[in-house]
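What follows is a set of notes on a single structure, which appears directly below.
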2 protein chains.
Amino acid sequence: MFDPVCPSDLSPIRFADKWGGMVIRCLEGGPRRFSELRVPLRGITAKVLTQSLRTLERDGLISRTEMAGPIRHVEYELTALGRSMLAPMDVACAWTAEHWDELIDAREAAAS
Amino acid sequence: MFDPVCPSDLSPIRFADKWGGMVIRCLEGGPRRFSELRVPLRGITAKVLTQSLRTLERDGLISRTEMAGPIRHVEYELTALGRSMLAPMDVACAWTAEHWDELIDAREAAAS
DNA sequence: GGGCCTGGTTACCTTCCGGGTACCAGCTAG
DNA sequence: CTAGCTGGTACCCGGAAGGTAACCAGGCCC
């Protein structure tokens, strides 16, 4: 789903850290487990994902819940605050999509 | 106008690099010269401002014009692309302002 | 000539971010 | 006993970002 060489790297708008925005997108559809997040975030290592999740939690955007039971089960979920950030993110995505060609052109013109 | 310890550092939404968003805000009202930009961006050094301006120019968000004449005169101005980014920035600012307390609370809760 | 304004450049240093590898405990299935 | 899944942690590394201090040319004023 998300590529390590994500096109959004070209966008001047960034949410949280490098993977933060994508993590939030992954949680948009409901709670997810650690290993479930690693699937769409292709190429992310456990360490980096942990890092990103801890930061998002510190900033109050997601919550971490250890479920009871014999086997280990941790769920990450968007908080109300995190969910409220989806709106600005949509705006940013729309802007990036709309001006995609201009962004590419600017880079190419600058490279030459 | 802008503080080096800008409150927006707490916002998970960032535009361009550290000073990029503020530079764009400074140019909102029309073209500005290098030294005019240094006034509101308190504490920014020439090198860092140059760096930021070069990046913004590379990304097609601002334009740099050397004016003719005996004394040196350089003007920086928002391009159409740069100006179009003001809308997403407004949305981001509004979100940050609206959820300011929650952002602070989250940090404080995490610190304890 | 000396000082100041213009808009920078250069070298250097420090911090942070992201990533790679290895390793861990707890539980389960074969 | 061994392998595999869960969700991580510890350690090291390289590169980029951000900042400091010094210096620069060109033109102005005195």
- Whole-Å gap separating P (D:dG8) and CE (A:M67): 13 Å

- Message: Donor-acceptor pair, distance only, cut-off 3.5 Å: does the side chain of B:R38 make one with the backbone of B:I44?
- Response: yes

- Item | Qualifying ring pair (Phe, Tyr, Trp, His ring centres under 6.0 Å) pairs with a residue from residues 62-97 of chain A, counting only residues at least two apart or across chains | A:W95-A:H99

- Message: To the closest 0.5 Å, what do you measure between OG1 (B:T55) and CG (B:L61)?
- Response: 10.0 Å

- Message: What is the distance, to the nearest angstrom, from the NZ atom on A:K18 to the P atom on D:dA16?
- Response: 12 Å

- Item | Donor-acceptor under 3.5 Å (A:T50 side chain, A:A46 main chain) | yes

- Query: Can you check whether A:R107 reaches B:R58 side chain to side chain, under 4.5 Å on heavy atoms?
  - Reply: yes

Find every protein N or O atom lying less than 3.5 Å from an N or O atom of nucleotides 1-8 of chain C, and list the pairs.
| residue | atom | partner | partner atom | Å |
| --- | --- | --- | --- | --- |
| C:dT6 | O3' | B:R33 | NH2 | 3.2 |
| C:dG7 | OP1 | B:R33 | NE | 3.3 |
| C:dG7 | OP2 | B:S35 | N | 3.2 |
| C:dG7 | OP2 | B:S35 | OG | 2.4 |
| C:dG8 | OP1 | B:R54 | NH2 | 3.3 |
| C:dG8 | OP1 | B:R64 | NE | 3.4 |
| C:dG8 | OP1 | B:R64 | NH2 | 2.6 |
| C:dG8 | OP2 | B:Y76 | OH | 2.6 |

- Given atom CZ of B:R14 and atom C1' of D:dA16, what is their separation to the nearest angstrom? 13 Å

- Once you round to the nearest 0.5 Å, how far does CZ of B:F34 lie from CG of B:L49? 4.5 Å

- Note on the structure: Between CG of B:D17 and C1' of D:dG18 the distance, given in whole Å, is 10 Å

- Query: How far does CG of A:L86 sit from CZ of A:F15, to the nearest 0.5 angstrom?
  - Reply: 9.5 Å

- Query: A:R42 has an atom CZ; how far is it from atom C1' of C:dG19, in whole Å?
  - Reply: 18 Å

- Task: Establish, with yes or no, whether the OP1 or OP2 oxygen of C:dG19 is under 4.0 angstrom from a side-chain nitrogen or oxygen of A:W19.
- Result: yes

- Give the rounded distance in Å between these two atoms: CD of A:Q51 and P of D:dC12. 16 Å

Could you pull out the protein-nucleic contacts involving nucleotides 28-30 of chain D (nitrogen or oxygen on both sides, under 3.5 Å)?
none

- Assess whether side-chain contact (heavy atoms from CB on, under 4.5 Å) is satisfied between A:T96 and A:L10, documenting all intermediate values. CA-CA 9 Å; A:T96 303; A:L10 228 75; over 6 Å; no

